[in-house]
Amino acid sequence: MATAEGSCSDDSSLLNLESIRDSLVRQEDTIIFSLIERAKYPINSPLYDNKYNNLPTNSLFHFFLKQSEALQAKAGRYTSPDENAFFPDNLPTPLLPPLNCTPVLHPPGDSININDQVLNLYLKTLLPLITAKGDDGNYAVTAASDVNCLQALSRRIHFGKFVAEVKFRDAPADYTPAICAKDREALMKLLTFQSVEERIKKRVEKKAMIFGQDVDLNENDNEGKYKVNPSIVSQLYGDWVMPLTKFVQVEYLLRRLD
Ligand SMILES: O=C(O)C(=O)C[C@]1(C(=O)O)C=C[C@@H](O)C=C1
């Protein structure tokens, strides 16, 4: 069985809501640290401008992301069920044979990819919120940092497929009527746990405060300075990450009986 962490395991006890939620909690660290790293650089807008006609893609950033994914595809990254490419078409074949895992996800739902929404959110909304204005010319390291942020956000949001699969397996009788009726609202109500979401928003804000504070040997108070605004991290989860994860869950469930 392919575990939600992208490796093979015959331990089906890994596929339960508690272990899935534990993985979501651990992914918070990766996302927050990647945002802290990106915030080291100014927005570096020329990286995203579509004005370089000597590039085969829209901008230097798109070129960097597309090439990064092509290289990682050769290393087998996208054979893992929890990895979804931003440019999934025409990826190179992996150099090594894939792991022979028992699939976890229901194939029709496995192909869900909303990375176009993730990319738009990141470039248009999130980047301006976490970076200072300016251009330091460090385009390669900035683009590499962007790729880390995007891959962490994409993995977290598409983890909704695993959450939905577990929820369906736990209570097929609850979900089947809404799936058959194609009732998105009913599915959203069934899969939503408001108390869990509130805890997540509080926890990621606290993590951003702890991870993002300056550490020195004096006992000075941090004076409210953080590398990324903790309330923005909480807003990121509340307004985008969790709603998009739930969108993936609904889309996956709608295909679960295909
Ligand atoms: O933990 C769950 O039950 C999930 O569905 C995941 C998640 C999330 O994105 O963190 C999404 C919807 C729920 O309301 C709570 C949390």
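Numbering starts at 1 and runs along the sequence shown. Note that ligands are numbered from 1 as they come in the structure, with each ligand's atoms numbered from 1 the same way.
Both the sub-6.0 Å distance and the 45° axial angle are satisfied by Arg21 relative to the ring of Phe193.
Pocket lining of ligand 1, defined as residues with a non-hydrogen atom under 4.0 Å away: Arg21, Arg156, Val163, Lys167, Leu191, Thr192, Phe193, Val196, Glu197, Ile200, Met242, Thr245, Lys246, Gln249.
Under the 3.5 Å distance criterion, the side-chain polar atoms of His158 are left unmatched by any main-chain donor or acceptor of Pro81.
The shortest distance between side-chain heavy atoms of Val141 and Tyr41 falls below 4.5 Å. Residues Leu153 and Leu244 are not in side-chain contact: their nearest non-hydrogen atoms beyond the backbone lie 4.5 Å or more apart.
Taking the six-membered ring wherever Trp is involved, the centroid distance between the rings of Phe61 and Phe64 does not fall below 6.0 Å.
Judged by distance alone, the side chains of Lys161 and Asn84 do bring a donor and an acceptor atom under 3.5 Å apart.
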